[in-house]
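Presented below is the structure to which this report refers.
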Amino acid sequence: MKTKENIKTKKEALTAQKNMAYLGLFNSIDHNKEGIIQPYQFWNELKSHGILVDDPRLKDINDNFKKEKLKNRKGITFELFSKCIDQSILLTKSLKGELVIPDFKSFTDEITTIYNKLEKNLSGSVANYIPQLARVNPDQFAVSICTIDGQRFDYGDFNTDFCLQSTCKPINYCIAHESLGESVVHKHIGREPSGRSFNEMALNNDGLPHNPLINSGAIMCSSLIERHAPISDRFDLVMKTWSELSGGFNPSFNNSVYLSEKQTADRNFALAYFMREKNAFPENTNLIETLEFYFQCCSIEVKSPSMASAAATLANGGVNPLTGKNVFNSSTVKNCLSLMNSCGMYDFSGEYAFKIGFPAKSGVSGAMMIVIPNVMGICVWSPNLDELGNSVRGVEFSKMFGERFNFHNYDSLINSNDKLDPRKSKYENKIDGVISLIYAASLGDIDEIKKLEARGIDLNSADYDGRTALHLAASEGHKEVVEYLINRNTTANLKDRWGGSPIEDAKRSNHRNIVKILEEYLSNQFKSENK
Ligand code: GLN
């Protein structure tokens, strides 16, 4: 019956339930059980989930804490804590480990390990076509990560500015695509990898640049961005876009890089004239202005956290995870990522797509933007380049990252346990393998058992109830599996949580042949142990 009383008690019950849950979260931060937590404890806890104190989504809460601390000098009471949690779904999700990378700490430990290994790699050399790049300290190395839930991690030289160089190309493509659409943009630019170096004097059979991610294509994109607006407004649009992509952090501009670029641009001028000769540009394109605009875009500077946030915006279908701002349409992003996947790494693109298998874009400043769609964006910055113009450590990072985590475009086909899936919670990767093994044993699927073994799953693994593959195979009467398992020297007398062993399972289910096999195996084992 829907009496007033009933509704009231139901409401009270729900509130009590919520309070219990909040109290659990509060207690997990209040380690000293003081009934009060300090803002730094709160932020440290969030940091372990990748949510940082300068997160624009938590600005109000941060301000509130500061005010409250000034007022009562004590810290965050349970009451204030509950009020904040009520305001922010992000807080609840982070504290409960429900963000896209639930075990962020283990994930970032893996990243740190990769970083530390790569730090020793000093091969390659900095770009030297302009003095401003030639003078950069080659040992610098930054890795930044931003997930689609805005979990962030920065390591190394993440406070140093570097210029975008070719990493401006995918973004300029998106800007042009956003206002003109796919068909207009691709009337002027192809979408095939060129297989040549980034500034090669080559156009496709239609006399157009092969794609927007090499110099000719990027010059073409520059001519398409807001082409009727004054050049200053066009540059402002690019800067504003980078600021939105960065989650509100403003990019800067390196004027000396720009001046140097302009002075050493014979090849880019030649490419532009070549394209003009082929009528590739829209009518009335001012070539010099277009080139200068392109050099200016290459000379924009950011830090690695900003570039990771930009990559995360692409990973998130065009919406910046930190601000919720919809920077690009998802159809624009889809096209951009397709191109980054096939053409983002100059003439290493095919190899990168084959071996590593996620979209990326490099630049001669040593910057690299990596996108793991629906998961995260990564920036690696390390100035030493290989012969193709890609950052040595950037490429190596991609390889090691791709070997550790299952983010190759087609890893989903392989169902492999060799690679980690950081989208899973702490023990899920391991548990999945064990459950598959036990399930395969219960069905008598010996091929699957062999595959799981090859992937490193211990054949003696037990589930929560202590049941092993041998228990299940014995109980279900799968002789072949039992034989296979004992041939692999599994332990035959492991007990489940009710104290039962595989042989008892076989007896109970009346599988006499299996009882015999196991008896023999156990007695042989006994003999050899007591020799
Ligand atoms: N400014 C460089 C150029 O146009 C950018 C090239 C690059 O990063 N590969 O030559």
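Heavy atoms only: backbone and side chains are in, while hydrogens, waters and symmetry mates are out. Note that ligands are numbered from 1 as they come in the structure, with each ligand's atoms numbered from 1 the same way.
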Note: ligand 1 atoms sitting under 4.0 Å from heavy atoms of E261 are 1 (N), 2 (C)

closest protein heavy atom to atom 5 (C) of ligand 1 is Q165 OE1, 3.2 Å

*Taking the six-membered ring for Trp, are H186 and Y173 ring centroids under 6.0 Å apart?*
yes

Near Y129 (heavy-atom distance under 4.0 Å), the atoms of ligand 1 are 1 (N), 2 (C)

Checking heavy atoms under 4.0 Å, the part of N199 that sits near ligand 1 is neither

Ligand 1 atoms nearer than 4.0 angstrom to some heavy atom of Y346 are 7 (C), 8 (O), 9 (N)

Tell me if the aromatic rings of F253 and F235 count as close, with their centers under 6.0 Å from one another. yes

protein heavy-atom neighbour closest to atom 7 (C) of ligand 1 works out as S166 OG, 2.6 Å

- prompt: Between R191 and E182, does at least one N-O distance fall below 4.0 Å, as a salt bridge requires?
  reply: yes

Counting from 1 in the order shown, the ligand 1 atoms closer than 4.0 Å to a non-hydrogen atom of Y294 are 3 (C), 4 (O), 5 (C)

**Message:** If you take the centroid of each ring, where Trp contributes its six-membered ring, are F397 and Y115 closer together than 6.0 Å?
**Reply:** no

Atom 3 (C) of ligand 1 has as its nearest protein heavy atom N215 ND2, 3.4 Å

**Request:** Please assess Y346 against F198 for the test ring-ring contact (aromatic ring centres under 6.0 Å, His included), listing each intermediate value before the final yes or no.
**Result:** CA-CA 6 Å; Y346 311 125; F198 63 86; 4.9 Å; yes

| message | Tell me whether C298 has any N or O atom under 3.5 angstrom from an N or O of ligand 1. | response | no

Note: ligand 1 atoms sitting under 4.0 Å from heavy atoms of G363 are 8 (O)

Open item on the list: Regarding ligand 1, does K169 bring an N or O atom to under 3.5 Å of one of the ligand's N or O atoms?
Closed with: no

| query | Would you say the side-chain atoms of S246 pair up with the backbone N or O of W242, donor to acceptor, closer than 3.5 Å? | reply | yes

| query | Do any N or O atoms from the side chain of S94 and from the backbone of L90 form a donor-acceptor pair under 3.5 angstrom? | reply | yes

Close aromatic pair by centroid cut-off 6.0 Å: F358 and F407: no

